[in-house]
Amino acid sequence: MEILQIIMQVILGITSVLLTLLILLHKGRGGGLSDMFGGGISSSMGSSGVAERNLNILTVTFVLTWITSITVLGVITRFNGAG
């Protein structure tokens with residue numbers, strides 16, 4: 001059970017870093033922090049629809065992996081504490 005816990009912690013750490021990077025890669029929708037730092041340049045050099053769609057799918061996949069790893073770690077912690 002300890003090995004599964006270590007594996008899930010590693011997965012959680014990796015997906016946390018990758019999610020941060022993936023979210024930062026998304027195109028800004030305007031009016032937020034993305035416009036504060038060179039918003040004019042990014043709006044004229046917007047990514048294609050296909051690239052944005054693939055980035056969305058990748059982000060959702062990592063979010064689901066992240067949520068699953070948190071849930072599994074919670075279940076492991078719950079049952080290790082009871083025994």
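On a predicted model such as this, the values are computed, not experimentally measured, just so you know.
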Asks: Could you check whether any side-chain heavy atom of L21 comes within less than 4.5 Å of a side-chain heavy atom of L25, counting everything from C-beta outward?
Replies: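 No, every pair of side-chain atoms sits at 4.5 Å or beyond.
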
Asks: Under 4.5 Å between side-chain heavy atoms, counting indirect links through other Ile/Leu/Val/Met/Phe/Trp/Tyr residues: same cluster for W66 and I23 or not?
Replies: no

Asks: Hey, what do you get for OG1 (T59) to CG (L18), rounding to the nearest 0.5 Å?
Replies: 10.0 Å

Asks: As an exercise, state the distance from CD1 of I3 to CE of M8, rounded to the nearest 0.5 Å.
Replies: 14.5 Å

Asks: Do L58 and V63 share a hydrophobic cluster (ILVMFWY, side-chain heavy atoms under 4.5 Å, transitive)?
Replies: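 Linked, L58 and V63 end up in one cluster.
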
Asks: Closest heavy-atom contact between L12 and T15?
Replies: O-OG1, 3.1 Å

Asks: Nearest 0.5 Å please: distance from the CD1 atom of I14 over to the CG atom of L19.
Replies: 12.0 Å

Asks: Let me confirm one number: the CZ-CD1 distance from F62 to I67, rounded to the nearest 0.5 Å.
Replies: 14.0 Å

Asks: Find the distance between CD1 (I11) and OG (S16) and round it off to the nearest 0.5 Å.
Replies: 11.5 Å

Asks: Given I57, which partner from the list T61, L55, V60 fulfils the side-chain contact (heavy atoms from CB on, under 4.5 Å) test?
Replies: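 That would be T61.
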
Asks: Return the CG to CG distance between L73 and N80, rounded to the nearest 0.5 Å.
Replies: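 Interatomic distance, L73 CG to N80 CG, rounded to 0.5 Å: 10.5 Å.
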
